[in-house]
Amino acid sequence: MELVGKVAIVTGAAQGLGRAFARAMIQRGAKVCISDQNVEKGNTSCVALRKELNTADVNFVKCDVTQQDDMKNMFDDTVRRYGGVDIVVNNAGIMNERTWSSCVDINLKGVIQGTLLALEHLQERGGVIINISSIAGVVPVAGAPVYTATKHGVIGFTRSCSVNPKVKAANIRLACLCPTFTDTPILDMTDDHFTSWSSRQNLWKDVEQLGIMKVETVAQGFIQLLLDKDNNGAIMTISPNRGIQTKYYPKARM
Ligand SMILES: NC(=O)C1=CN([C@@H]2O[C@H](COP(=O)(O)OP(=O)(O)OC[C@H]3O[C@@H](n4cnc5c(N)ncnc54)[C@H](O)[C@@H]3O)[C@@H](O)[C@H]2O)C=CC1
Ligand SMILES: CC/C=C\C[C@H](O)[C@H](O)/C=C/C=C/C=C\C=C\C(=O)C/C=C\CCC(=O)O
């Protein structure tokens, strides 16, 4: 897929990975709507990206992914501004085992809502939906069971949409990105983010074992996932020890 002139939406893009994905797409000629629930950081990042990349083809829209009206407005605003949508990156996510219900609302329900709206918008012209899961979407993580459940859910939901014949007929592609720990503010956790059935110490043991990647490394994998025309249903894992790997899990086992 050629990115020049394509229109993309990225949720949770005021900072961290979402911002890095937006930046990588703008650099390759895409027009990008960055959205976030944090208006101040979203506006600041938008201004910084415009200046750094010398472009007017990036805008910020306030969108809390738990609010259906915000989500609809983000799509409608993008269509008004750029004439349509080609790429949707459902990236917004949090790690908080204590406020676990919001973790489910943002990480799983937000991705489901974003995907359903994206499918509607892409059905006439085709396009790509990238849902951001995590390596915690494919392995159990003792330190963060709720976060892990949401990320497994993102993979199950995305793969199920990808095998829907209507999706193939509409020339839509869906894939998941599953990085290990990456240097973003999500790693600034305190004990307040955990319960007696989860643990920062346990999670931190995983961090120490796996290491922490730079956002640029993950953005490189993201662009690869986006450009590969033939990867509907793919799961891309990215880790310091195994690098970038694209995997296809079995559709069914009889
Ligand atoms: N950094 C890491 O180690 C990894 C992160 N991920 C996933 O990548 C995605 C991005 O995470 P990071 O950039 O690391 O985190 P981050 O904390 O740096 O950025 C997350 C962004 O999402 C926004 N956000 C939070 N709640 C929201 C809501 N209700 N509606 C809209 N936006 C909301 C925040 O304001 C923030 O700008 C998340 O889904 C996360 O689970 C996956 C694997 C590794
Ligand atoms: C504060 C936490 C915020 C974000 C966490 C991230 O989403 C992060 O990615 C979580 C990672 C937890 C990892 C725990 C264990 C990982 C184990 C392995 O990677 C084992 C190796 C292979 C995986 C199997 C595969 O490649 O299919």
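These figures come from a predicted structure and were not determined experimentally. Quick note: residue numbers are just sequence positions, from 1. Just the heavy atoms: all of them, side chains too, but no hydrogens, waters or symmetry mates, feed the values below.
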Consider only side-chain N and O atoms of [X] and [Y], and report whether a donor and an acceptor are under 3.5 Å apart.
{"X": "Asp105", "Y": "Thr66", "value": "no"}
{"X": "Thr115", "Y": "Asn131", "value": "yes"}
{"X": "Tyr82", "Y": "Asn59", "value": "yes"}

With heavy-atom distances below 4.5 Å as the criterion, would you say the side chains of [X] and [Y] are in contact?
{"X": "Met71", "Y": "Cys63", "answer": "yes"}
{"X": "Ile135", "Y": "Phe181", "answer": "no"}
{"X": "His193", "Y": "Arg200", "answer": "no"}
{"X": "Thr237", "Y": "Lys247", "answer": "yes"}
{"X": "Phe21", "Y": "Ile132", "answer": "yes"}
{"X": "Ile34", "Y": "Arg19", "answer": "no"}
{"X": "Cys161", "Y": "Thr158", "answer": "no"}
{"X": "Ile223", "Y": "Met25", "answer": "yes"}

Counting N and O atoms only, with roles assigned by atom type, does the side chain of [X] sit under 3.5 Å from a partner on the main chain of [Y], one being a donor and the other an acceptor?
{"X": "Asn107", "Y": "Ile94", "answer": "yes"}
{"X": "Glu97", "Y": "Tyr147", "answer": "yes"}
{"X": "Asn91", "Y": "Val10", "answer": "no"}
{"X": "His121", "Y": "Ala118", "answer": "no"}
{"X": "Ser199", "Y": "Asn202", "answer": "yes"}
{"X": "Arg159", "Y": "Ile235", "answer": "no"}
{"X": "Asn231", "Y": "Leu225", "answer": "yes"}
{"X": "Asp183", "Y": "Met213", "answer": "no"}
{"X": "Thr11", "Y": "Ala92", "answer": "yes"}

Apply the test side-chain contact (heavy atoms from CB on, under 4.5 Å) to residues Ile9 and Val89: give CA-CA distance (whole Å), side-chain angles for both, the deciding distance (0.1 Å), then the verdict. CA-CA 6 Å; Ile9 290 176; Val89 185; over 6 Å; no

Under a single-linkage definition using a 4.5 Å side-chain heavy-atom cutoff for Ile, Leu, Val, Met, Phe, Trp and Tyr, are [X] and [Y] assigned to the same hydrophobic cluster?
{"X": "Ile26", "Y": "Phe60", "value": "yes"}
{"X": "Val218", "Y": "Ile87", "value": "yes"}
{"X": "Leu17", "Y": "Val32", "value": "yes"}
{"X": "Ile186", "Y": "Trp204", "value": "yes"}
{"X": "Leu53", "Y": "Val58", "value": "yes"}

Is the shortest side-chain N to carboxylate O distance from Asp76 to Lys72 below 4.0 Å? no

Atom [atom1] of residue position [X] - does it have more than 12 heavy atoms of other residues, nucleotides or ligands inside 6.0 Å?
{"X": "Asn241", "atom1": "CG", "result": "yes"}
{"X": "Glu124", "atom1": "CD", "result": "no"}
{"X": "Asp69", "atom1": "CG", "result": "no"}

Nearest 0.5 angstrom please: [X] [atom1] to [Y] [atom2], how far?
{"X": "Leu226", "Y": "Ile129", "atom1": "CG", "atom2": "CD1", "result": "12.0 Å"}
{"X": "Ile212", "Y": "Leu187", "atom1": "CD1", "atom2": "CG", "result": "5.5 Å"}
{"X": "Arg98", "Y": "Thr195", "atom1": "CZ", "atom2": "OG1", "result": "7.5 Å"}
{"X": "Leu210", "Y": "Thr182", "atom1": "CG", "atom2": "OG1", "result": "10.5 Å"}
{"X": "Ser133", "Y": "Met236", "atom1": "OG", "atom2": "CE", "result": "13.5 Å"}
{"X": "Arg242", "Y": "Thr180", "atom1": "CZ", "atom2": "OG1", "result": "10.5 Å"}

Please name the pair of heavy atoms, one in [X] and one in [Y], separated by the smallest distance, quoted to 0.1 Å.
{"X": "Pro145", "Y": "Gly143", "answer": "CD-C, 3.7 Å"}
{"X": "Cys33", "Y": "Met74", "answer": "SG-CG, 4.2 Å"}
{"X": "Met189", "Y": "Met95", "answer": "SD-CE, 3.9 Å"}
{"X": "Gln201", "Y": "Asp191", "answer": "NE2-OD1, 4.0 Å"}
{"X": "Leu108", "Y": "Gly153", "answer": "CD1-C, 3.6 Å"}
{"X": "Ile244", "Y": "Gln224", "answer": "CG2-NE2, 3.7 Å"}

Show the numbers, then the answer: is there a side-chain contact (heavy atoms from CB on, under 4.5 Å) between Thr78 and Ser35? CA-CA 11 Å; Thr78 305; Ser35 74; over 6 Å; no

Any pair counted as salt bridge (charged side-chain N to carboxylate O under 4.0 Å, His left out), so long as it reaches residues 20-41, sequence neighbours left out: Arg23-Glu52

Chi angles and distances behind the side-chain contact (heavy atoms from CB on, under 4.5 Å) call for Ile238, Phe222: CA-CA 10 Å; Ile238 311 182; Phe222 167 80; over 6 Å; no

List the steps and the verdict of side-chain contact (heavy atoms from CB on, under 4.5 Å) for Lys151 and Val141. CA-CA 11 Å; Lys151 295 302 185 180; Val141 181; over 6 Å; no

